[in-house]
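Values in this document were obtained by computation on a predicted structure and should not be read as measured data.
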Amino acid sequence: MANSKYEYVKQYELDDSLLPGCWIVVRIDGKGFTKFSELHGFEKPNDKRALDLMDECAKEVLNEFPDVRLAYGESDEYSFVLGRSTDMYGRRASKIVSLLVSCFTANYVAKWAAFLPDTPLRSTPMFDGRAVCYPLDSNLRDYLSWRQADTHINNQYNTCFWALVKSGKTPTEAQATLRGTQTAQKNELLFNEFGINYAHLPEQFKKGSVVLRRKTMVEVKQRADGTPVLRERNLPTVLHTDIIRDEFWNEHPQLMAP
């Protein structure tokens, strides 16, 4: 395209390239999801349908963007990890964040009816996003450990809180009951008052969701006699597992590869 007298406006665009040689984490969060969940009658403290929808959207992000190696999600947030060497969209923060957020949000709307078929979508779901660079492998692992530890802390508190509210206490009374309590005390309250063994709750609620690619045999076509033809594919897979200890990383060394 020929230059024009208007092209000078390009000089106002800022360079937002993310630091080279660093891990990139894009974290998305639901906007106003407390009200959104109330409006759509989400089960408290966890609605598996809504969590499964979030996981499915994360899988679609991995399908769309091969540079995303790993994702971790809890509640209404998801973190997507891009490798140190990625040159996806020139490592431009605005491009990467906007595309991942729009991909996730579009799938959230498109797949809503499949996961909550009896609940009409009554408001527009929105997510914000940010990109953060982590220079060291240990920084990345600490970030993901922080998010998973946060999942446990929030889930344990919310499980206690909603058990108290459903038993007849007001939200204020439930908060007062839990104020200053430690992990062991919360577990004791759940078991003694409500017969809930926290250890037996679904791992998805306690540990969140990890999405990574795994080799899977899939049917690609059928022979003339009707028998399937299988091929190995790397497909996004959801796990509910501990990512704080070394075992996960030892089992999946490709995640930390250069």
Is there a side-chain contact between T183 and Q185, using heavy atoms and a 4.5 Å cut-off? no

Out of curiosity, T237 OG1 to R214 CZ, how far, rounded to the nearest 0.5 Å? 6.5 Å

Applying salt bridge (charged side-chain N to carboxylate O under 4.0 Å, His left out), run through R141 and D246 and close with a yes or a no. CA-CA 10 Å; R141 282 194 54 180; D246 293 335; 2.9 Å; yes

Would you kindly say whether D55 and Y78 are connected by a side-chain donor-acceptor distance under 3.5 Å? yes

So do N154 and S75 actually touch side chain to side chain, heavy atoms under 4.5 Å? no

About how many Å separate CZ of F191 and CD1 of I196, when rounded to the nearest 0.5 Å? 11.0 Å

Is there side-chain contact between E203 and L239, with at least one heavy-atom pair below 4.5 Å? no

Polar side-chain atom of E173 near backbone of T170 as donor-acceptor pair, under 3.5 Å: yes

Starting from the C-alpha separation in whole Å, work towards a yes-or-no answer on side-chain contact (heavy atoms from CB on, under 4.5 Å) for V101 and D128. CA-CA 7 Å; V101 170; D128 67 55; over 6 Å; no

Can a donor-acceptor pair be found between the side chains of Y143 and S79 at a distance below 3.5 Å? yes

Do E60 and K111 have side chains that get closer than 4.5 Å, going by heavy atoms? yes

Between the main-chain N or O of R223 and the side-chain N or O of T227, is there a donor-acceptor pair closer than 3.5 Å? no

Any side-chain to backbone donor/acceptor pair from N155 onto T151? Under 3.5 Å, distance only. no

Run the salt bridge (charged side-chain N to carboxylate O under 4.0 Å, His left out) check on R147 and E77 step by step: do they pass? CA-CA 10 Å; R147 300 319 303 141; E77 77 166 50; 2.9 Å; yes

Is it the case that one hydrophobic cluster holds both L255 and Y72, taking links as side-chain heavy atoms less than 4.5 Å apart, direct or via other members? yes

Backbone of L178 reached by a side-chain donor or acceptor of K186 within 3.5 Å: no

Do F42 and F33 have ring centroids that are under 6.0 Å from one another? no

Report yes or no: do L164 and L190 belong to one cluster of Ile/Leu/Val/Met/Phe/Trp/Tyr joined by side chain heavy-atom distances under 4.5 Å? yes

Distance (rounded to the nearest 0.5 Å) between R92 CZ and D87 CG: 11.0 Å

Is it the case that the ring center of F65 lies less than 6.0 angstrom away from the ring center of F80? no

Evaluate the side-chain contact (heavy atoms from CB on, under 4.5 Å) criterion for residues L189 and T181: first the C-alpha distance (whole Å), next the side-chain angles of each, then the deciding distance (0.1 Å), finally the verdict. CA-CA 10 Å; L189 181 149; T181 56; over 6 Å; no

Going through the distances and angles, do R49 and D47 end up as a salt bridge (charged side-chain N to carboxylate O under 4.0 Å, His left out)? CA-CA 5 Å; R49 303 168 304 164; D47 191 309; 2.7 Å; yes

Go through the side-chain N and O atoms of N187 and Q156 and say whether any donor and acceptor fall under 3.5 Å apart. yes

Check whether any side-chain heavy atom of R91 lies under 4.5 Å from a side-chain heavy atom of T86, and answer yes or no. yes

Within the 3.5 Å criterion, strictly below it, is a donor on K35 or S123 matched to an acceptor on the partner's side chain? no

Quick check on ring-ring contact (aromatic ring centres under 6.0 Å, His included): which of Y198, W146, F205 does H152 satisfy it with? Y198

Could you give the distance from CD1 (I28) to SG (C57), rounded to the nearest 0.5 Å? 8.0 Å

Any chance you could lay out the salt bridge (charged side-chain N to carboxylate O under 4.0 Å, His left out) test for E13 and K10, step after step, and finish with the verdict? CA-CA 6 Å; E13 296 181 14; K10 290 174 62 177; over 6 Å; no

Output, in order, the C-alpha distance, side-chain angles, deciding distance and verdict of side-chain contact (heavy atoms from CB on, under 4.5 Å) for R213 and L235. CA-CA 5 Å; R213 295 178 183 86; L235 297 180; over 6 Å; no

Side chain proximity check, V97 to R130, heavy atoms < 4.5 angstrom: no

Rounded to the nearest 0.5 Å, the NZ atom of K48 sits from the CG atom of L53 at a distance of 12.0 Å

Polar side-chain atom of W112 near backbone of T119 as donor-acceptor pair, under 3.5 Å: yes

Please determine, by modelled atom types, if Y134 and R84 share a side-chain donor-acceptor pair under 3.5 angstrom. no

What orientation do Y12 and Y8 show, parallel under 30°, tilted 30 to 60°, or perpendicular over 60°? perpendicular

Reported OG-to-CD distance for the pair S37 and E43, which is rounded to 0.5 angstrom: 11.0 Å

Whether over 12 other heavy atoms sit under 6.0 Å from K166 NZ: yes

pair K169-T177: side-chain heavy atoms closer than 4.5 Å: yes

Can you classify the ring geometry of F104 versus Y108 as parallel (below 30°), tilted (30 to 60°) or perpendicular (above 60°)? parallel

Under 4.5 Å between side-chain heavy atoms, counting indirect links through other Ile/Leu/Val/Met/Phe/Trp/Tyr residues: same cluster for L144 and L82 or not? no

Side chain to side chain, D242 and E247, heavy atoms closer than 4.5 Å: no

Please check if any side-chain donor atom of Q204 sits under 3.5 Å from a side-chain acceptor atom of D52, or the reverse. yes

Decide yes or no on side-chain contact (heavy atoms from CB on, under 4.5 Å) for T216 and E232, but give the supporting numbers first. CA-CA 5 Å; T216 307; E232 189 176 71; over 6 Å; no

Check: residues 15-24 side-chain donor-acceptor pairs under 3.5 Å, at least two apart:
| residue | atom | partner | partner atom | Å |
| --- | --- | --- | --- | --- |
| D15 | OD1 | S17 | N | 3.0 |
| D15 | OD1 | S17 | OG | 2.8 |
| D16 | OD2 | S94 | N | 2.8 |
| D16 | OD2 | S94 | OG | 2.6 |
| W23 | NE1 | D137 | OD1 | 2.9 |

Without swapping roles, check the side chain of R69 against the backbone of A257 for a donor-acceptor pair under 3.5 Å. yes

Test side-chain contact (heavy atoms from CB on, under 4.5 Å) applied to L62 and V211, L70, D67, the passing residue: V211

Would a single hydrophobic cluster contain both V25 and L100, if residues Ile, Leu, Val, Met, Phe, Trp and Tyr are joined by side-chain heavy-atom contacts under 4.5 Å? no

Hey, is the main chain of A114 close enough, under 3.5 Å, to the side chain of E56 for a donor-acceptor pair? no

Using the rule that two of Ile, Leu, Val, Met, Phe, Trp, Tyr join whenever any of their side-chain heavy atoms come within less than 4.5 Å, decide whether V26 and V210 are in one cluster. no

